[in-house]
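Everything below concerns the one structure shown next.
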Amino acid sequence: QVQLVESGGGSVQAGGSLRLSCAISGNTNDNYYMSWFRQATGKEREGVAAIIDGGSTRYADSVSGRFTISTDNAKNTLYLQMNSLKPEDTAMYYCAVRRRYLSAGYWRRAEQYDYWGQGTQVTVSS
């Protein structure tokens with residue numbers, strides 16, 4: 001069983017920054033996908049960013065150039081640096097991992113993930 005615990009959410013004004021953290025039990029190298037998702041009220045959960053097989057990264061078009069996903073393997077922690085935040089970034093943010101190989105093209109499909117954190121709220125005011 002893998003446990004994921006997110007932290008770092010909060011309330012900021014538009015244009016501000018936040019860094020989310022996800023503490024992952026076990027070795028992060030054991031995870032094929034490590035990703036961040038978000039879910040706004042009344043909307044479906046959407047993939048925001050992913051690290052595939054410990055190397056390549058993927059981003060949703062809506063956050064590309066503003067968000068950066070990274071890991072610290074020594075700390076077994078996944079991060080999401082969020083800059084130039086916009087009100088439309090307001091959502092509950094979740095980290096998720098998939099343990100087994102899958103083509104990178106599926107990273108945005110929530111049903112492909114094995115473990116999820118409990119979420120951390122990000123609110124961006126205009």
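The basis for the numbers below is simple: all heavy atoms, side chains too, and nothing from hydrogens, waters or symmetry mates.
A continuous path of hydrophobic side-chain contacts links L80 to I51 [ILVMFWY only; heavy atoms under 4.5 Å]. By the rule that hydrophobic residues join a cluster once side-chain heavy atoms approach within less than 4.5 Å of another member, V12 and V63 end up as members of one cluster. Criterion: ILVMFWY side-chain heavy atoms under 4.5 Å apart, direct or through other members. Under it, V122 and V48 are part of a common hydrophobic cluster. Under the 4.5 Å side-chain heavy-atom criterion for Ile, Leu, Val, Met, Phe, Trp and Tyr, V2 and I69 are members of the same hydrophobic cluster. Cluster annotation: Y106 and Y94 are assigned to the same hydrophobic cluster (Ile/Leu/Val/Met/Phe/Trp/Tyr, side-chain heavy-atom contacts under 4.5 Å, transitive).
Residues L20 and Y93 come closest through the heavy atom pair CD1-CB, 3.6 Å. Of all the heavy atoms in G47 and A60, the pair that sits closest is O-CB, 3.5 Å. Counting all heavy atoms, side chain and backbone alike, A14 lies closest to S126 at CB-CA, 4.3 Å.
Applying the ring-ring contact (aromatic ring centres under 6.0 Å, His included) test to pairs two or more places apart or on separate chains, those with a residue in residues 20-64 are Y32-Y101, Y33-Y113, F37-Y113, F37-W116.
The closest donor-acceptor contact from the side chain of E6 to the backbone of Q118 lies under 3.5 Å. R98 places a side-chain N or O within donor-acceptor distance of the main-chain N or O of R100, the cut-off being under 3.5 Å.
The side-chain heavy atoms of M82 and R66, taken from C-beta on, include no pair separated by under 4.5 Å. Side-chain contact between S21 and K75: absent, with no pair of heavy atoms (C-beta onward) separated by less than 4.5 Å. Here the side chains of Q81 and S17 are in contact, with some heavy-atom distance below 4.5 Å.
A side-chain contact (heavy atoms from CB on, under 4.5 Å) with I24 is found for exactly one of T71, L78, D30, T77, namely L78.
Other residues, nucleotides and ligands place more than 12 heavy atoms under 6.0 Å from the CD atom of Q121.
Rounded to the nearest 0.5 angstrom, Q13 CD and L85 CG are separated by 11.5 Å. For the atom pair CE of M92 and CZ of R38, the computed distance is 14.0 Å after rounding to the nearest 0.5 Å. Rounding to the nearest 0.5 Å gives a distance of 11.0 Å between OG of S56 and CH2 of W107.
In this structure, a donor-acceptor pair under 3.5 Å is present between the side chains of R99 and N31.
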